[in-house]
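Contents: one structure, followed by commentary.
Values in this document were obtained by computation on a predicted structure and should not be read as measured data.
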Amino acid sequence: MRTMRIPLSLLLGPLVLFSQAISPAQQAPAPSNQFFFVLLKRPANAPQLSPEAAKKLQEEHMANMVKMNEENKLVMAGPFLDNTALRGVFVLKAASKDQAQEWANSDPAVKAGRLAAEVHGPWLIPPDAIHTAASPQSMERYTMALMNRGEKWDPASPAGRDLLKQHPAFVGKLVEQGIMALAGPFGEMGDLNGIFIYRVAADQAAKLVQDDILVKAGFLKPELHPWMTAKGVLPPGQPMQ
């Protein structure tokens with residue numbers, strides 16, 4: 001399958017992960033359809049279910065994802081592969097964050113209290129960055145980095161602005177080398193600033209992210225998780241073992 005090459009100018013934008021460092025008055029108007037990144041988490045007080053009830057709820061959860069995809073609401077989804085409170089990801093295309101939250105809350109597993117939906121966004125990625133799955137039943141493995149705000153986060157400082165200007169070259173090199181599948185900021189202020197999705201295994205991604213100039217400077221604190229999604233949605237990842 002041909003690897004998708006995303007134009008660097010579209011992928012990165014002027015400040016890569018930090019459009020939120022620009023005041024709202026400086027930002028372009030939001031498009032009518034935007035991407036919203038949803039973290040699906042297992043609540044500490046999630047209800048216990050019998051094996052039969054859990055299986056039925058999982059089937060309803062999967063059926064709802066198929067339905068939302070057919071309605072052009074859900075454009076990417078996939079579970080995390082490590083055993084933490086983070087269970088999976090939805091990427092929704094909606095007109096507003098409130099609408100994305102409403103759709104996420106309508107999922108049967110969320111309604112049942114087995115999952116909680118944490119919506120971030122809009123997620124500022126190119127409109128053609130996510131593709132229709134080539135094989136919905138075939139999955140590929142990636143490493144997802146949640147780029148959280150670090151202790152030394154200060155985009156308004158002279159040093160911070162200088163680092164932000166240098167950052168696109170670092171991310172662009174990873175894209176050109178086929179290491180990065182997708183990267184983008186959130187157009188909101190918050191502790192979670194953006195998402196990196198690596199095409200390499202977690203151990204290699206962990207080394208690469210520590211070389212990021214913003215991570216070295218303490219501006220960002222990455223949180224890495226193995227993750228998978230349907231084949232063809234992103235540039236090829238690692239095969240499932």
Side-chain angles (χ1 to χ4, degrees), residues 1-13 15-19 34-40 65 69 74-82 86-93 120-148 167-187 192-215 220-241:
M1 180 173 62
R2 181 175 63 87
T3 299
M4 179 183 68
R5 298 191 66 83
I6 303 172
L8 187 59
S9 60
L10 285 176
L11 177 65
L12 302 178
L15 293 179
V16 187
L17 286 179
F18 303 104
S19 63
Q34 305 167 87
F35 295 103
F36 292 90
F37 186 91
V38 184
L39 283 172
L40 298 172
M65 286 196 292
N69 179 257
L74 180 66
V75 297
M76 186 168 72
F80 290 105
L81 301 175
D82 48 358
L86 294 179
R87 308 310 297 164
V89 164
F90 284 168
V91 177
L92 299 170
K93 195 171 185 182
H120 298 270
W123 191 22
L124 306 181
I125 57 175
D128 59 349
I130 299 175
H131 288 233
T132 302
S135 176
Q137 303 305 316
S138 181
M139 308 293 283
E140 290 187 319
R141 185 177 179 126
Y142 298 84
T143 301
M144 181 175 289
L146 311 182
M147 305 303 286
N148 297 294
H167 198 244
F170 175 83
V171 178
K173 184 177 180 180
L174 297 180
V175 173
E176 292 169 0
Q177 292 175 342
I179 294 170
M180 185 81 73
L182 183 59
F186 295 129
L192 181 58
N193 282 41
I195 301 295
F196 283 176
I197 302 178
Y198 291 91
R199 298 170 62 181
V200 299
D203 55 349
Q204 185 178 353
K207 295 177 182 177
L208 290 166
V209 78
Q210 291 303 322
D211 287 335
D212 189 302
I213 58 174
L214 293 175
V215 173
L220 290 180
K221 184 178 179 180
E223 178 186 341
L224 273 63
H225 298 274
W227 176 78
M228 68 179 182
T229 194
K231 186 175 183 179
V233 172
L234 295 173
Q238 300 289 306
M240 297 299 296
Q241 296 179 350

At their closest point, which heavy atom of Ala181 faces which heavy atom of Tyr142, and how far apart are they?
-> CB-CE2, 4.2 Å

Drop me the distance from Leu192's CG to Met147's CE, to the nearest 0.5 angstrom.
-> 10.0 Å

Calculate, to the nearest 0.5 Å, the distance between atoms CG and CZ belonging to Leu124 and Phe37 respectively.
-> 13.5 Å

Non-hydrogen atoms of Trp123 and Gly184 that approach each other most closely | NE1-O, 3.1 Å

Distance from Met228 atom CE to Glu140 atom CD, nearest 0.5 Å?
-> 11.5 Å

For Leu39 and Val89, what are the C-alpha separation, side-chain angles and deciding distance, and is it a side-chain contact (heavy atoms from CB on, under 4.5 Å)?
-> CA-CA 5 Å; Leu39 283 172; Val89 164; 4.2 Å; yes

Are any side-chain N or O atoms of Arg199 and backbone N or O atoms of Pro236, one a donor and one an acceptor, separated by less than 3.5 Å?
-> yes

What's the spacing between His225 NE2 and Leu86 CG if we round to 0.5 Å?
-> 4.5 Å

Nearest atoms (heavy-atom pairs only) where Ala205 meets Leu224 | C-CD2, 3.7 Å

Which atom names give the shortest non-hydrogen contact between Phe170 and Leu208, and what distance separates them?
-> CZ-O, 3.7 Å

In Å, rounded to the nearest 0.5 Å, how long is the span from CD of Gln34 to NZ of Lys93?
-> 10.5 Å

Parallel, tilted or perpendicular for Phe186 and His120, by the 30°/60° rule?
-> parallel

Of all the heavy-atom pairs spanning Leu74 and Asn69, show the shortest one and how long it is.
-> O-ND2, 3.0 Å

In terms of ring plane angle, is the pair His167 and Phe196 parallel, tilted or perpendicular, where the classes change at 30° and 60°?
-> parallel

When rounded to the nearest 0.5 Å, the distance separating CZ of Phe80 from CE of Met144 is 5.0 Å

Which heavy atom in Gln210 sits nearest to a heavy atom in Pro222, and how many Å separate them?
-> NE2-CG, 3.9 Å

Does the Thr143 side chain pair with the main chain of Pro226, one donor and one acceptor, at a distance under 3.5 Å?
-> no

